[in-house]
Amino acid sequence: MDNGLYSVAQIRAIEGASAQATAEGEAGEAGSLMRRAGRAAANLALELIGTAREESRLRPVLVLAGPGNNGGDALELAANLGEAGVDVVVLHLAGSGPSSPEAAQALARARASSANFADVAPDVREWAMVVDGLFGIGLARPLEGRYRELVTAIDRLRCPVLALDVPSGLDADTGAVVGPGGVAVRATHTITFIGDKAGLHTGEGRDYAGVVHVARLGLDTAAFEPPRARLAGPSLFAAHLAPRRQNSHKGQFGDVAVVGGAHGMVGAAVLAARVALHAGAGRVFAVGVDAEAGPQFDPMQPELMFRTSAAFDTDGRVLVLGPGMGDSSEAMRVLGHGIDGASAIVIDADGLNLVAASTALQERVARRQGGTIVTPHPLEAARLLGTSSAEVQADRLGSARELARRLQAVVVLKGSGTVVAQPDGEVAVNPTGNPGLASGGSGDVLAGVCGALLAQGWPAWEAAIGAVWMHGAAADRLVEEGVGPVGMTAGELPKAVRAVLNGLVSEAGANRS
Ligand SMILES: NC(=O)C1=CN([C@@H]2O[C@H](COP(=O)(O)OP(=O)(O)OC[C@H]3O[C@@H](n4cnc5c(N)ncnc54)[C@H](O)[C@@H]3O)[C@@H](O)[C@H]2O)[C@@H](O)CC1
Ligand SMILES: Nc1ncnc2c1ncn2[C@@H]1O[C@H](COP(=O)(O)OP(=O)(O)O)[C@@H](O)[C@H]1O
Ligand SMILES: [K+]
């Protein structure tokens with residue numbers, strides 16, 4: 001399965017090579033890429049309309065065709081839908097310049113079909129579907145004027161919206177709406193061509209793209225330079241999902257010490273520690289930096305061992321440094337000691353803010369030998385990069401890569417479509433999770449899962465991807481069970497994470513036997 005996320009530049013290069021091969025007479029699938037794109041999109045549209053209620057099949061489909069080749073795809077789709085007997089209305093917004101030969105052919109085919117061309121969108125309240133073929137990867141500036149009005153009008157409709165290649169107005173590389181002050185089509189489905197694109201899965205992308213379908217148009221992307229980004233999934237960490245041997249003991253599954261829990265913030269460390277147990281760590285310590293603060297015992301999770309940092313030996317233990325740690329001198333001491341030590345570490349929350357405030361600490365992180373995962377949300381990433389969270393969000397992949405390069409660590413840039421980046425620029429974008437996670441404490445839970453997987457011997461890259469994927473999948477599972485997204489609490493995640501992890505382990509075991 002190709003889980004690659006291709007940049008716009010890569011898609012253009014693949015397109016160019018394919019056009020060259022066709023020109024040189026190499027056999028490929030019949031028809032130009034645009035013909036194939038239009039056909040694939042029409043088939044998906046028919047499928048989606050077919051599954052809608054019976055009466056909606058009789059309603060017309062509105063096709064919006066823009067001035068470039070994305071518009072050409074839309075015109076091909078219109079011709080195909082017309083041939084299939086669907087009532088189609090086309091709104092074609094031709095540009096001032098000449099269109100490509102393929103787009104001109106598509107226009108001729110659509111005009112010759114039963115599709116009706118209109119100058120303004122007819123006042124039909126109930127469309128079976130709207131197809132967005134205004135702009136694709138050629139979008140160069142924010143949508144204005146007539147385009148903007150159309151996008152705003154589509155937003156008010158209550159029917160399926162199928163975007164071709166990319167929802168118009170969205171940047172396919174970054175997942176940001178092209179601005180300043182831009183708008184984008186909010187699609188229920190996107191059919192994207194040749195290869196999947198990161199911008200459909202991160203930042204604003206998940207809200208605008210809806211369900212993403214990939215139509216490869218008969219091209220073999222394996223023949224091209226592999227993409228530097230992929231969609232995260234269990235295949236990226238399956239090698240570490242080992243079923244446990246009968247003859248196991250707790251020493252084999254590692255110690256996790258969650259260091260944090262300053263006065264008033266003990267809950268953060270307790271949440272991370274609880275989930276570390278549920279994600280399979282052998283022994284878990286909650287280590288407070290404030291001798292005066294916090295419990296000695298967790299009545300809900302009596303398996304946890306409580307210690308204070310001044311009297312705790314961190315050697316040989318995976319450290320989760322930061323949940324509720326504050327910025328006291330003891331917090332700074334234990335953080336520095338952990339960074340200089342040989343154990344694998346996770347730096348989160350207050351730990352990240354302390355690192356952001358000290359270039360010397362950043363250099364010490366970059367020099368570490370043991371595995372290092374840092375888990376910033378966009379504001380923490382902005383502090384570490386010396387920029388704003390808006391800048392981070394404008395290019396989530398670029399920001400995560402830059403931070404990973406500077407810190408020589410695996411970076412987990414959190415948020416919708418979490419981005420996991422390696423120092424060499426390799427990236428995974430996570431498709432699981434939902435807004436039920438947007439409440440206090442869920443980041444502490446993620447840090448705890450990272451720690452537990454590191455303690456079980458997973459390398460930092462796989463541990464980060466696995467933790468992020470399972471954390472999101474746990475939240476999705478809770479939503480399926482009616483727990484959220486509204487009102488889901490971080491404390492409900494540990495048992496769901498355990499269920500997801502055991503499901504994956506037993507699947508992996510079944511595949512091996
Ligand atoms: N060339 C190919 O081989 C293929 C291209 N395909 C389609 O072609 C698309 C790319 O086509 P194009 O490169 O023509 O790009 P688009 O169709 O996305 O748009 C380009 C046109 O829009 C104008 N434009 C850009 N931003 C604008 C704005 N905000 N307001 C007004 N005008 C604006 C540009 O000046 C240009 O005329 C892909 O997304 C895909 O849908 C597919 O058919 C697959 C194969
Ligand atoms: N809308 C969302 N969709 C998917 N995941 C989300 C969403 N909002 C938050 N999350 C996830 O929830 C966690 C929140 O972490 P963080 O912002 O550090 O919260 P906290 O400070 O409460 O621990 C991260 O893993 C983040 O990716
Ligand atoms: K589009």
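In listed order, ligands and their atoms are each counted from 1.
- Within the protein, the N, O or S atoms sitting under 3.4 Å from the K ion (ligand 3) are Asn70 OD1, Asp132 O, Asp132 OD2, Phe135 O, Leu164 O, Val166 O, Ser168 OG.
- Within the 4.0 Å heavy-atom cutoff, Arg12 counts among the residues contacting ligand 1.
- Distance from atom 19 (O) of ligand 1 to its nearest protein heavy atom, with residue and atom name: Phe135 CD2, 3.7 Å.
- Centroid-to-centroid, the aromatic rings of Tyr6 and Phe224 stay 6.0 Å apart or farther.
- The option from Ala103, Ala172, Gly68 that lies nearest to atom 21 (C) of ligand 1, judged by heavy atoms, is Gly68.
- Remark: Arg39 does not engage Glu76 in a salt bridge, criterion side-chain N to carboxylate O under 4.0 Å.
- With Gly436, Gly417, Ser442 as candidates, the residue nearest to atom 13 (C) of ligand 2 on a non-hydrogen basis is Ser442.
- Those atoms of ligand 2 that come under 4.0 Å of a heavy atom in Ala438, given as number and element, are 8 (N), 9 (C).
- The heavy atom nearest to atom 26 (C) of ligand 2, out of those in Ser439, Gly322, Gly415, is found in Gly415.
- Shown in contact with Leu446 at under 4.0 Å from a heavy atom are these atoms of ligand 2, numbered in order with element: 25 (O).
- Closest to atom 40 (C) of ligand 1 by heavy atom, among Asp73, Asn69, Val166, is Asp73.
- Those atoms of ligand 2 with a heavy atom of Thr418 less than 4.0 angstrom away are 27 (O).
- Side-chain contact between Val497 and His278: absent, with no pair of heavy atoms (C-beta onward) separated by less than 4.5 Å.
- Of all atoms in ligand 2, numbered sequentially from 1 with element shown, those under 4.0 Å from a heavy atom of Gly440 are 22 (O).
- Residue contacts with ligand 1 include Pro142, since one of its heavy atoms falls under 4.0 Å from the ligand.
- In this structure, atom 3 (O) of ligand 1 lies nearest to the protein heavy atom Glu15 CG, 3.1 Å.
- Residue Asn434 has at least one heavy-atom neighbour below 4.0 Å for each of these atoms of ligand 2: 2 (C), 3 (N), 4 (C), 5 (N), 7 (C).
- At least one side-chain heavy atom of Met470 sits less than 4.5 Å from a side-chain heavy atom of Leu453.
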